[in-house]
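The structure appears right after this line, and notes come after that.
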Amino acid sequence: MAASASPPTLRVHPSQNDRLLKLKEIFVSKYGSVPSFYARAPGRVNLIGEHIDYCGYAVLPMAIEQDILAAVQISNDQVVELSNTNLSYVDFSVNVNDIKIDKTKPLWHNYFLCGLKGIQDHFCLSSPTGMKCLVDGTIPASSGLSSSSALVCCAGLVTLIANKKSMSKVELAETCAKCERYIGTEGGGMDQSISFLAEEGTAKLIEFSPLRSTDVKLPAGAVFVIANSCVEMNKAATSHFNIRVMECRLATKVIAKAKGLDWKNLMKLGDLQAKLGVSFEDIMAVVEEILHPEPYTREEICECLGMSLEELCEKILSQNTQDVATFRLYQRAKHVYSEAARVLAFKKVCDEAPANAVHLLGDLMNQSHVSCRDMYECSCPELDQLVDICLKSGAVGSRLTGAGWGGCTVSMVPVDKLSDFLSNVQDSYYKLEDRRFALLEKSLFATNPGRGAVVLMEAE
């Protein structure tokens with residue numbers, strides 16, 4: 001389906017789908033009426049290309065079966081009532097003309113409000129419709145599989161349909177990427193793009209500025225397995241993520257100024273490489289030439305850029321990175337440029353499909369994890385342990401996926417080794433701890449490329 005098309009609308013019979021039927025029943029018992037429609041947005045797993053979308057580089061994710069599903073009834077008032085099938089997420093209601101998103105406490109409903117407000121702002125809706133909405137999610141929270149972005153995307157799609165507006169999938173993805181920043185996350189747009197642009201049976205190379213996607217056919221001899229470390233990491237609740245964004249931004253500016261470029265208007269490492277017009281090999285040499293491995297203090301950065309500390313805070317640093325004392329520019333730039341090159345190498349192997357494709361792709365995944373661990377420092381002991389267990393259990397490649405500091409690994413496993421792999425990982429990681437073992441059913445699974453966001457209407 002063309003990316004210029006709107007998300008598809010499918011006719012469904014809830015009676016033939018246990019999850020949809022249960023959602024409808026809970027909705028009726030809570031609100032006393034049936035939903036007007038349903039909307040679904042999938043989570044994703046990034047196969048390779050971590051922390052480079054916000055630097056302007058292509059990434060290579062696929063949608064997964066786990067998703068956010070919402071049952072919606074349009075109402076005549078201007079109140080949005082939100083509830084969740086997971087009772088640990090409390091109900092919330094708000095007047096559509098008085099939406100405030102709390103960045104200090106990223107509660108579940110704030111992500112929904114991001115999508116809602118994003119569509120309102122895009123269309124300048126002066127009198128948006130109210131609605132009752134019941135949300136059900138199967139993506140493990142804070143697992144690096146994009147549960148928060150899927151919720152933003154689902155909310156954006158719900159608001160679009162409820163207000164009888166239309167947008168292409170690309171426009172929706174770009175709008176939802178922008179509006180997730182309302183909650184303070186300076187993301188790059190990968191999660192929202194794959195949630196809308198995904199197609200069943202294929203991974204996607206997602207490129208930015210302009211946003212576009214290309215099918216990537218994965219090799220038939222292997223399957224991708226997701227394993228949750230059971231360490232939760234909420235991007236919006238910590239500054240880890242935004243510090244990395246700022247470090248990449250600062251590295252861009254320091255190198256650009258040293259090279260005599262218009263550094264004030266350069267924000268992304270990808271734009272810097274384009275301006276210099278050099279290869280990945282050459283840009284890595286530039287990093288070695290200009291940046292030093294030791295951390296940069298704020299004062300040193302100010303000296304490099306010829307600006308005051310006040311200007312640095314006001315013009316460059318984000319709200320939750322104002323008090324960071326030191327920044328690692330060399331390491332972050334090295335990771336971004338090497339990872340961007342690995343993404344293109346991964347796609348090339350998939351396109352050319354040599355006999356040893358599975359092992360070549362596995363090697364690229366392993367290199368990616370080492371770079372994430374050592375250069376970007378976004379791993380954690382549990383993720384490193386899990387990657388090691390996955391490789392010893394038969395995976396040809398294994399790496400953290402998502403923002404890191406917790407969440408999941410993705411491993412490439414030859415099909416004939418899948419059963420033994422799952423058994424070994426279960427024994428070596430999940431059975432060691434009662435809490436992990438209790439989460440096993442939702443934590444370890446093989447996955448195939450799934451479809452993107454859809455609107456579901458009950459068949460007459």
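Computed from a predicted structure; not experimentally measured. Computed from heavy atoms alone, side chains included, the values below leave out hydrogens, waters and symmetry copies.
Using a distance-only test at 3.5 Å, with no hydrogens or angles considered, no donor-acceptor pair links the side chain of D420 to the main chain of G394. S146 places no side-chain N or O within 3.5 Å of a backbone atom of R44 that could act as its donor or acceptor partner. No donor-acceptor pair under 3.5 Å is formed between the side chain of S428 and the backbone N or O of I389. Between the side chain of E171 and the backbone N or O of S168, at least one donor-acceptor pair lies under 3.5 Å. At distances below 3.5 Å, at least one donor-acceptor pair connects side-chain atoms of H51 with backbone N or O atoms of A403. Side chain of S338 to main chain of H335: a donor-acceptor pair is present (N/O by atom type, distance under 3.5 Å, no hydrogens or angles). At distances below 3.5 Å, not a single donor-acceptor pair connects side-chain atoms of S371 with backbone N or O atoms of Q367. Under the 3.5 Å distance criterion, the side-chain polar atoms of S443 are matched with a main-chain donor or acceptor of L439. With hydrogens and angles disregarded, a donor-acceptor distance shorter than 3.5 Å links the side chain of E247 to the backbone of R328. Checking side-chain atoms of S36 against main-chain N and O of I74 turns up a donor-acceptor pair under 3.5 Å.
Atom NZ of residue K169 and atom OG of residue S213 lie 8.0 Å apart, to the nearest 0.5 angstrom. With rounding to the nearest 0.5 angstrom, the SG atom of C350 is 11.5 Å from the CG atom of D215. D67 CG to C153 SG: the interatomic distance, rounded to the nearest 0.5 Å, is 12.0 Å. The CG atom of L422 sits 10.0 Å away from atom OG of S411, with the distance rounded to the nearest 0.5 Å. We find the CD-CD1 distance between Q120 and I99 to be 4.0 Å, quoted to the nearest 0.5 Å. Note: D191 CG to D53 CG = 7.0 Å, rounded to the nearest 0.5 Å.
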Practice task
Decide yes or no on salt bridge (Lys or Arg N to Asp or Glu O under 4.0 Å) for K217 and D351, but give the supporting numbers first.
Solution key: CA-CA 7 Å; K217 186 172 172 54; D351 290 346; over 6 Å; no

Exercise for the section: Take R373 and L400 through the side chain to side chain contact (heavy atoms under 4.5 Å, CB included) test and state the conclusion after the steps. Expected result: CA-CA 9 Å; R373 183 191 69 202; L400 67 82; 6.0 Å; no

Handout entry: Verdict with supporting geometry, K392 and N424, side chain to side chain contact (heavy atoms under 4.5 Å, CB included)
Key = CA-CA 9 Å; K392 286 176 179 170; N424 288 339; over 6 Å; no

Problem - Verdict with reasoning, E81 to K132, per salt bridge (Lys or Arg N to Asp or Glu O under 4.0 Å) - result: CA-CA 5 Å; E81 295 182 56; K132 295 176 172 63; 3.7 Å; yes

Exercise for the section: Just do the ring-ring contact (aromatic ring centres under 6.0 Å, His included) check on Y182 and Y111 with the steps written out, would you? Expected result: CA-CA 9 Å; Y182 293 149; Y111 291 99; over 10 Å; no

Exercise for the section: Could you walk me through whether K275 and D271 pass salt bridge (Lys or Arg N to Asp or Glu O under 4.0 Å), step by step? Expected result: CA-CA 6 Å; K275 278 282 186 203; D271 295 340; over 6 Å; no

Exercise for the section: Quick one: do V455 and L10 satisfy side chain to side chain contact (heavy atoms under 4.5 Å, CB included)? Show the steps, please. Expected result: CA-CA 6 Å; V455 178; L10 304 180; over 6 Å; no

Exercise for the section: Report the C-alpha distance between S193 and L211 in whole Å, list the side-chain angles of each, state the deciding distance to 0.1 Å, and finish with yes or no for side chain to side chain contact (heavy atoms under 4.5 Å, CB included). Expected result: CA-CA 8 Å; S193 301; L211 177 59; 3.3 Å; yes

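Looking at every heavy atom in both residues, K204 comes nearest to V216 through C-CG2, 4.1 Å. Counting all heavy atoms, side chain and backbone alike, T447 lies closest to I64 at OG1-CG2, 3.7 Å. R399 and M365 make their closest contact through CB-O, 3.5 Å (heavy atoms, listed as atom of the first residue, atom of the second, distance). Here the shortest heavy-atom pairing between A453 and P7 reads O-CB, 3.7 Å. When all heavy atoms of E377 and R244 are compared, the pair lying nearest together is O-NH2, 2.9 Å. Considering every non-hydrogen atom in both L269 and Y337, the closest pair reads O-OH, 2.9 Å.
Residues L218 and P449 meet the side-chain proximity criterion, which asks for heavy atoms closer than 4.5 Å. Within the 4.5 Å cutoff, no side-chain heavy atoms of L383 are placed close to those of V231. No side-chain heavy atom of F346 sits under 4.5 Å from any side-chain heavy atom of V343. Within the 4.5 Å cutoff, side-chain heavy atoms of V170 are placed close to those of L197. Proximity of Y57 to E207: side-chain heavy atoms (C-beta onward) are nowhere separated by under 4.5 Å. A 4.5 Å side-chain heavy-atom check between Q66 and L145 finds every atom pair outside the cut-off. The side-chain heavy atoms of V336 and C248, taken from C-beta on, include a pair separated by under 4.5 Å. In this structure, the side chains of L116 and M131 come closer than 4.5 Å at one or more pairs of heavy atoms.
In this structure, W108 and Y89 have tilted ring planes: the angle between them lies in the 30° to 60° band. Taking the six-membered ring for Trp and thresholds of 30 and 60 degrees, F92 and H109 have nearly parallel ring planes, at less than 30 degrees apart. Y31 and F27 have tilted rings, their planes meeting at an angle from 30° to 60° on a 0 to 90° scale.
Remark: the S368 side chain and the R342 side chain contain no N/O donor-acceptor pair separated by less than 3.5 Å. Of the N and O atoms on the side chains of E382 and Y429, not one donor lies less than 3.5 Å from an acceptor on the other residue. Counting only N and O atoms by type, the side chains of E180 and Q192 include a donor and acceptor under 3.5 Å apart. Using a 3.5 Å distance cut-off with no hydrogens or angles, the side chains of Y38 and E458 do pair a donor with an acceptor. Remark: the S318 side chain and the T321 side chain contain an N/O donor-acceptor pair separated by less than 3.5 Å. No hydrogens or angles considered: nothing links the side chains of N110 and D102 as a donor-acceptor pair under 3.5 Å.
Ion pair K178/E174 not flagged as a salt bridge, since none of the NZ, NE, NH1 or NH2 atoms sits closer than 4.0 Å to an Asp/Glu carboxylate oxygen.
Around atom CG of D416, more than 12 heavy atoms belonging to other residues, nucleotides or ligands sit under 6.0 Å away.
With sequence neighbours left out, K268 forms a salt bridge (Lys or Arg N to Asp or Glu O under 4.0 Å) with no residue at all. Partners of D384 by side-chain hydrogen bond (donor to acceptor under 3.5 Å, both in side chains), not counting sequence neighbours, listed by chain and number: H369, S379.
Aromatic rings of F224 and F445 (six-membered ring for Trp) have centroids beyond the 6.0 Å cut-off, not under it.
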